[in-house]
Visitor: 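Dropping the structure in here first, questions after.
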Amino acid sequence: MNNHNHCISLFTGNLYPSKELFLKLENAFLTANINDIIEVVSLKENIEIELRGWTKLKGHLYLGRENLGAQFSYKIQKISKNNFESSPSWGKELKGIETSNPKLKDLNLSHEILAKAPNSNGLLTRGMITQEGTPSYDFALSHKELVWSEPVSVLYEEGKNLQWNATTDIAWNEIPKLNPIIEKAICQIMTYLVENEFSALYIPGKFISQINPYYMEIPLFLSSLMNDEARHIEVFTKRAHAFGAGFQY
Ligand SMILES: [Fe+2]
């Protein structure tokens with residue numbers, strides 16, 4: 001062990017590898033500095049596999065186990081940055097999506113958004129800090145020019161504000177009763193529309209999971225678009241079934 005690194009000891013007794021144990025570890029690492037060594041002193045002889053797994057997942061370094069007689073010492077060195085106090089985002093504003101800070105409305109919101117999402121940012125969006133060991137995803141759409149459009153933040157806000165409820169916003173009992181041939185013709189049109197709206201729903205759905213979350217506004221906006229399309233499917237279905245004729249061909 002390198003004596004320059006402050007060593008914190010966590011006494012975990014008979015604790016199995018569990019949420020409780022990992023929460024204790026998590027807390028110890030949050031307050032430790034980079035390169036500090038955290039020692040888990042346990043009565044358990046066989047928690048090495050779980051500690052190794054956790055260490056790898058968190059991007060730290062597992063140093064090994066020592067037999068202390070009745071207890072076992074497992075040492076892990078902090079490698080990944082995750083100290084709240086030194087977080088580089090502290091006090092910075094999020095650029096892009098509408099936040100509750102009205103000052104942002106006056107800024108050129110797209111200005112600080114990179115043309116290409118950083119490599120291996122995992123499922124992180126702008127401003128989050130990548131840690132060692134963050135899983136890497138291969139997002140097909142990782143360039144701004146492939147996904148971005150202004151004013152996406154405004155469109156997203158509108159998409160939320162203009163939502164409606166197909167069950168309660170339409171006076172279903174005021175629809176005039178038509179002769180059966182006309183009613184069936186309307187139901188035929190509704191049938192086409194439902195088919196069409198499914199493609200409107202599935203196409204953005206197909207793209208969402210390929211868009212790098214660095215460009216957060218785009219998947220968020222597309223999901224509000226999908227919300228619209230779901231409503232369209234619902235309302236045309238309800239109309240087709242309003243008088244019992246139902247879907248046609
Ligand atoms: Fe639609």
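Numbering of ligands and ligand atoms starts at 1, following listing order. Each residue takes its place number in the sequence, starting with 1. Since we're looking at a predicted model, the values are computed, not measured.
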Visitor: Tell me which N, O or S atom of Glu229 sits nearest to the Fe ion (ligand 1).
Guide: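 Of all N, O or S atoms in Glu229, the Fe ion (ligand 1) lies closest to OE1.
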Visitor: Is Glu20 atom CD crowded by more than 12 heavy atoms from other residues, nucleotides or ligands, each under 6.0 Å away?
Guide: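 Open: at most 12 neighbouring heavy atoms sit under 6.0 Å from CD of Glu20.
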Visitor: Does Lys56 make a cation-pi contact with Tyr62, if we ask for NZ or CZ under 6.0 Å from the ring centre and within 45° of the axis?
Guide: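 No, a cation-pi geometry is absent between Lys56 and Tyr62.
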Visitor: Side chain to side chain donor-acceptor pair (under 3.5 Å) for Gln248 and Thr191? Distances and angles first, verdict last.
Guide: CA-CA 6 Å; Gln248 302 296 313; Thr191 307; over 6 Å; no
Visitor: Start with the C-alpha gap between His241 and Phe247, add the side-chain angles, then the distance that decides, and say whether ring pair (Phe, Tyr, Trp, His ring centres under 6.0 Å) holds.
Guide: CA-CA 7 Å; His241 292 83; Phe247 287 141; 4.8 Å; yes
Visitor: Output the atom name for the N/O/S atom of His232 with the smallest distance to the Fe ion (ligand 1).
Guide: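 Output for this pair reads ND1.
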Visitor: Decide, counting backbone as well as side-chain atoms, whether Glu197 has an N, O or S atom less than 2.8 Å from the Fe ion (ligand 1).
Guide: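 Looking at Glu197, which is the residue asked about, there is an N, O or S atom under 2.8 Å from the Fe ion (ligand 1).
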